[in-house]
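A short write-up of the structure that comes next.
Residue numbers start from 1 in every chain, and the chains themselves are labelled A, B, ... in the order their sequence lines are given, proteins ahead of strands. Quick caveat, the model's predicted, so the values are computed rather than measured.
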Amino acid sequence: MQIQGVQKLQTDENQQAAQQPDSPSLHIITTTAANEELPFDVEEEPARERQKSAWTVTAYYWCRVCKKKTPVKDAKSCDCGVTMCNVCWAEWDFICPICESDMSG
Amino acid sequence: MSENKSRLQTLFEQGEFVVTGEIGPPKSANGEGIRKHAEHLKGYCDATNLTDNQTAIVRLSSIAAGMHVLKAGGEPIIQMTCRDRNRIAIQSDLLGAYSLGMKNMLCLTGDHQSFGNHPTAANVFDVDSIQLIRMVKRMRDERVFACGEEIKKDEPRFFIGAVANPFADPFEVRVYRMEKKINAGAQFFQTQIIFDLERFERWMELVRERGLHERAYIMAGVMPVKSAKVAAYMQKSVSGMIVPDEMVTRLKQAEDQQAEAVEICVEQIKHVMNIKGVRGVHIMAVGWEEIVPVIVEKAGLLPRPQAAGITQAAG
């Protein structure tokens, strides 16, 4: 009967709830730093800033020259579209090889 | 809706050799730069491309950029890629762009998002560039949306453009792909940047063999390469482009590399003008838009012709 089916389902859910998960939940990662409220007189620390970059969906670029996956903080993208890792930018003296914009900043 | 042709289409139909430029919208919400570039190109280019998140990097939208060009008195060619929109969004944007006064549309597949600044973004590719061309044509000529529903009034009547790359492999297939685009409804083509003139000439031979130059207007893409450094970078790191060694050497040996770059670009324009079937030139001066008027003048393409029945200035 249908009622028995519902009871079975409830039993299974109870059993599942009683078990501890083997791996962490797949919810959006929330860290202490993300929820922490800082007093007005305390400046944010670099560690907190670094953590912020992990919140974004994109955390890396593909370098157009060496073709390597590079963390965003180690790469730069020029307005004209040239995207390179900082190592490759250094080879071009941080001057965009297409539009000659200064990328040292 | 009455026939309301763009300046670009009118000039092609008049038999003029057409010149178009290109503006890459900024990575900001400021349209001042676009208006400045558009004013710069006014009187030198017959229409101006506005790229659609080029190289998969977030930028001011091509339709909004087109509005800035219109306000500056120019004529926009709106680029539309298949990467970021499904057919509902594309058709919606087509209606919106036409309602704002944009009459030229360039249909592209779009660079893959993994190369841009949001590499993990989901792509769409609900339709490919050929299907997109067909969709724009059906909206115009058959007055129907992609689903077949009738557009009861005020259908968008775009002059439909597409791109062709004579330098991608396999070479022999390029012309067939172009023909597919023409069959789908493409009326004009802008090619990838041409540095290898010999290969371009061979491609044009294949185009003429199939009579494609009589079915669509072909514009040759050129780019002033600012320095030997730029040329070397493009040769090494930009795919789908052939940069001959002679060009890099010539720039390296030049006393004034920028003047030499202009000279090379002018020579290329003069060369392609003499190739049968080439009906115009598309100048892509990435990050060097201010040089376009100099190139147009030196190539002997001034003054720009008037389009019969259109008072709008070139741009």
Side-chain angles (χ1 to χ4, degrees), chain A residues 23-31 33-34 46 48-105, chain B residues 22-28 30 33-34 37 51-60 79 81 110-122 193 223-241 243 248 251 257-258 261 284-291:
Chain A
S23 56
S25 70
L26 293 176
H27 291 293
I28 295 166
I29 300 162
T30 52
T31 62
R48 182 181 163 82
E49 288 299 309
R50 274 201 299 277
Q51 195 130 30
K52 275 186 183 172
S53 71
W55 304 344
T56 62
V57 178
T58 302
Y60 68 88
Y61 287 156
W62 285 101
C63 174
R64 287 283 181 97
V65 175
C66 67
K67 318 286 183 204
K68 282 182 188 159
K69 189 176 176 177
T70 313
V72 169
K73 63 183 175 60
D74 298 329
K76 284 189 173 80
S77 178
C78 178
D79 276 2
C80 73
V82 174
T83 304
M84 287 194 270
C85 67
N86 288 346
V87 177
C88 291
W89 273 116
E91 283 179 24
W92 295 95
D93 302 322
F94 289 91
I95 302 292
C96 177
I98 294 288
C99 68
E100 299 190 335
S101 298
D102 182 4
M103 295 298 292
S104 58
Chain B
E22 185 164 303
I23 299 174
K27 292 200 280 186
S28 74
N30 190 339
I34 302 169
H37 284 316
T51 56
D52 181 16
N53 294 321
Q54 74 188 77
T55 60
I57 286 174
V58 179
R59 292 162 188 280
L60 192 143
Q79 295 196 1
T81 66
D111 296 324
H112 196 273
Q113 76 281 357
S114 63
F115 299 111
N117 62 356
H118 289 74
T120 53
I193 298 165
M223 177 189 177
V225 180
K226 222 171 180 178
S227 64
K229 202 174 160 184
V230 177
Y233 174 81
M234 294 182 87
Q235 191 178 44
K236 191 180 156 195
S237 305
V238 181
S239 57
M241 206 175 277
V243 183
V248 184
L251 281 165
Q257 293 197 0
Q258 293 200 352
M284 289 168 267
V286 185
W288 200 20
E289 284 87 355
E290 62 274 16
I291 202 66

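The two residues Val230(B) and Ile98(A) have their closest heavy-atom pair at CG2-O, 3.8 Å. The minimum heavy-atom distance linking Ser114(B) with Trp62(A) is given by the pair O-CD1, 2.8 Å.
Per-residue heavy-atom pair counts under 4.5 Å with chain A were compared for Gln54(B), Met223(B), Lys226(B), and the maximum is reached by Lys226(B). Heavy-atom pairs under 4.5 Å with chain B peak, among Cys80(A), Gly81(A), Cys99(A), Pro97(A), at Pro97(A). Across Asp111(B), Thr51(B), Ile57(B), the residue that shares the most heavy-atom pairs under 4.5 angstrom with chain A is Ile57(B).
Surrounding NZ of Lys68(A) are at most 12 heavy atoms belonging to other residues, nucleotides or ligands under 6.0 Å away. Within a 6.0 Å sphere centred on CZ of Phe115(B), other residues, nucleotides and ligands contribute 12 heavy atoms or fewer. The environment of Lys236(B) atom NZ is sparse: at most 12 non-hydrogen atoms of other residues, nucleotides or ligands sit within 6.0 angstrom.
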Carefully, step by step, assess Met84(A) and Ser237(B) under the rule side chain to side chain contact (heavy atoms under 4.5 Å, CB included).
CA-CA 11 Å; Met84(A) 287 194 270; Ser237(B) 305; over 6 Å; no
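Taking 4.5 Å as the limit, every side-chain heavy atom of Val238(B) sits out of range of all side-chain heavy atoms of Arg64(A). By the 4.5 Å heavy-atom criterion applied to side chains, Glu100(A) and Trp288(B) are not counted as neighbours.
For Lys69(A), no part sits under 4.5 Å from any heavy atom of chain B, backbone or side chain. Only the backbone of Cys78(A) comes within contact range of chain B, judged by heavy atoms closer than 4.5 Å. Of the two parts of Thr83(A), only the side chain, counted from C-beta on, holds a non-hydrogen atom closer than 4.5 Å to a non-hydrogen atom of chain B.
In this structure, the separation between CZ on Arg59(B) and CG on Asp79(A) is 6.5 Å, given to the nearest 0.5 Å.
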